[in-house]
Amino acid sequence: MTESAPESEYPPISEQLDDIDAARTEGRRKMDWAAQHMPILEHVGEEFEADQPFEGERIGMAMHVEAKTAILVETLADGGAEVAVTGCNPLSTHDDVSAALDTHENITSYAKREVDDEEYYAAIEAVIGHEPTITVDDGMDLVAAIHEDYPELIDSIVGGCEETTTGVHRLRAMAEDGALEYPVFAVNDTPMKRLFDNVHGTGESSLASIAMTTNLSWAGKDVVVAGYGYCGKGVAKKAAGQNANVIVTEVEPRRALEAHMEGYDVMPMAEAAEVGDVFLTTTGNRDVIVREHFERMNDGVLLANAGHFDIEIDLEALDDLAADRYEARDGVEAYELDDGRRLNVIAEGRLVNLAAPVSLGHPVEVMDQSFGVQAACVRELVENGDEYEPGVHDVPDDLDREIAEIKLTADGVEFDSLSETQREYMGSWQHGT
Ligand code: NAI
């Protein structure tokens with residue numbers, strides 16, 4: 001260990017749970033189910049096991065540690081890497097899965113559910129204590145901690161990968177300030193991730209989590225979707241598919257117009273607040289639903305967030321307004337106002353598809369795609385890391401296509417390819433009318 005690496009005493013999950021054997025068995029069972037539906041990781045995993053491309057690499061990861069992520073972690077470890085992993089959200093870890101991972105000889109897992117801020121960052125430091133040569137983040141907490149507190153480690157870091165929109169935004173802001181000192185792939189931004197994970201994954205799993213948590217129907221409800229980006233589009237489409245009336249709020253005129261042309265009602269949040277039954281934020285921004293909105297809402301509304309951080313719904317303001325507060329159901333906190341109206345917050349305003357007690361995150365097939373891209377990017381860093389300057393990089397298009405082709409083959413879908421004449425035509429400027 002170099003002098004700069006933190007000497008953490010934060011223990012791996014195996015030293016934190018009481019019935020560790022039962023947890024491992026259940027975690028393994030969840031992972032085996034996920035693995036059966038992840039043909040892309042199975043394919044790249046076979047290659048990695050044979051070639052051992054990550055021999056000698058130490059991979060530090062801060063991700064939502066549940067069954068699908070665990071298959072990615074295991075795939076990298078089976079490819080020869082030493083992997084240290086922790087959570088990227090205090091409520092999204094499945095302890096049993098974390099325990100199952102921690103049994104692998106190449107993996108140390110510090111991820112634990114319901115940690116406080118101090119434990120959360122202690123676990124991040126514990127991962128950094130392994131002196132990673134590659135980082136894989138969901139939200140950029142590892143990159144930030146390394147740059148702020150352990151810059152001495154940067155020289156030995158080949159590069160990193162970032163999973164989500166908010167992490168990529170933060171990285172780009174860091175790069176613009178000239179503060180990002182190693183290359184990071186914007187995995188979020190590549191088609192094989194964003195068009196499926198953000199749209200279908202967030203859409204399906206957020207609605208499923210809210211329905212399971214509340215036991216309430218979508219049909220006939222007025223559902224307010226804040227933000228019509230990739231995630232918002234998925235949520236809006238799936239809610240409409242379940243016969244809800246969808247209302248969109250936006251700050252970007254073209255996206256507001258897009259939502260309008262899709263047939264959704266578009267209006268400011270101040271108006272939507274008066275008519276919505278369910279509010280779901282997907283902006284990646286802060287203070288999207290605030291006091292003036294709470295004041296206009298109807299009794300019994302549901303409030304949930306699918307954006308990365310728990311700052312889209314101003315819960316402090318809601319708490320100030322509330323005369324009483326109680327747990328209405330598992331994962332539902334009712335805030336009762338002076339006049340008796342109850343505003344129900346799901347999963348503490350954290351990522352609803354991962355942080356509610358019943359949440360399972362995105363469907364397995366979707367995460368197979370995102371993590372297939374992650375695995376290909378880690379391999380790219382090991383093979384060609386020297387070619388990338390510090391900064392944020394797009395995922396090379398051929399890697400993204402490779403993952404799409406593996407998936408299509410696995411699903412038995414055939415598709416056309418360009419003829420030579422077509423390729424030449426598409427690449428030329430001479431052919432006019
Ligand atoms: P995006 O950038 O495509 O969309 C965000 C949209 O919100 C934009 O159209 C923007 O104009 C709009 N917006 C910003 N401030 C607003 C405001 N005050 N009111 C209304 N609209 C506003 O981003 P994307 O990919 O949809 O991601 C959104 C968030 O979801 C990010 O935090 C991302 O990290 C997170 N995410 C969550 C996932 C999950 O599993 N729940 C999966 C993928 C991303």
Side-chain angles (χ1 to χ4, degrees), residues 62-64 66 68-69 88-89 91-92 137-141 162-173 186-210 224-238 247-260 262 264 266-273 276 279-290 292-293 304-314 346-347 349-356 359-364 366-367 369-371 373-374:
M63 310 279 283
H64 300 291
E66 45 70 68
K68 287 95 66 182
T69 314
C88 65
N89 181 301
L91 284 184
S92 64
D137 255 313
D138 187 325
M140 210 205 83
D141 281 348
E162 171 54 52
E163 172 79 6
T164 199
T165 313
T166 286
V168 171
H169 278 175
R170 293 177 76 194
L171 284 164
R172 289 201 198 283
V187 171
N188 176 76
D189 291 359
T190 202
M192 276 300 282
K193 196 275 180 183
R194 185 157 63 178
L195 296 180
F196 303 93
D197 175 314
N198 301 31
V199 178
H200 296 283
T202 310
E204 288 186 24
S205 62
S206 299
L207 296 192
S209 297
I210 294 171
V224 179
V225 181
Y228 196 66
Y230 290 92
C231 294
K233 282 175 195 173
V235 169
K237 187 182 170 102
K238 312 277 173 179
I247 297 162
V248 169
T249 73
E250 249 299 342
V251 292
E252 213 288 328
R254 289 153 301 182
R255 285 194 158 166
L257 183 57
E258 218 184 331
H260 171 63
E262 279 297 326
Y264 304 125
V266 179
M267 61 183 79
M269 182 58 83
E271 279 175 42
F279 295 80
L280 188 50
T281 51
T282 66
T283 71
N285 204 344
R286 59 176 305 146
D287 304 332
V288 179
I289 302 182
V290 295
E292 62 160 314
H293 305 131
N305 165 50
H308 190 75
F309 289 119
D310 59 342
I311 52 174
E312 305 212 11
I313 304 170
D314 186 354
I346 305 179
R350 293 189 184 276
L351 280 167
V352 69
N353 55 327
L354 282 149
S359 297
L360 296 170
H362 286 2
V364 180
V366 169
M367 293 320 294
Q369 295 188 191
S370 304
F371 291 155
V373 178
Q374 287 279 12

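Both ligands and their constituent atoms are indexed starting at 1 by order of listing. What you see is a predicted model, and the numbers here were worked out from it, not measured in a lab.
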Decide whether an N or O pair under 3.5 Å exists between K193 and ligand 1. no
Between ligand 1 and Y230, is the shortest N or O to N or O distance under 3.5 Å? yes
Verify whether one side chain among K238 and H200 offers a donor that lies under 3.5 Å from an acceptor in the other. yes
Report the part of T165 (side chain from C-beta onward, or backbone N, CA, C, O) that has a heavy atom under 4.0 Å from ligand 1; answer both or neither where that applies. both
Among protein heavy atoms, which lies nearest atom 2 (O) of ligand 1, and at what distance? R255 NH1, 3.8 Å
Have a look at T164, D197, V251, V168 and point out the one with the heavy atom closest to atom 16 (C) of ligand 1. V251
Looking at atom 41 (N) of ligand 1, what's its closest protein heavy atom, distance included? A306 O, 2.8 Å
Which residue and atom name correspond to the protein heavy atom nearest atom 31 (C) of ligand 1, and how close is it? T166 OG1, 3.3 Å
Ion pair check, D189 and R172, cut-off under 4.0 Å: yes
Applying side chain to side chain contact (heavy atoms under 4.5 Å, CB included), can you list everything that pairs with D310, at least two apart in sequence or on another chain? R350
Hey, looking at atom 35 (C) of ligand 1, which of R254, E258, H308, R350 has the closest heavy atom? H308
With atom 10 (C) of ligand 1 as the reference point, say which of E250, R194, R170 has the nearest heavy atom. E250
Main chain of T69, side chain of E66: is a donor-acceptor contact present, judged purely on distance under 3.5 Å? yes
With a 4.0 Å cut-off, would you call R170 and E162 a salt bridge? no
Partners passing side chain to side chain contact (heavy atoms under 4.5 Å, CB included) against V199 (at least two apart in sequence or in another chain): Y230
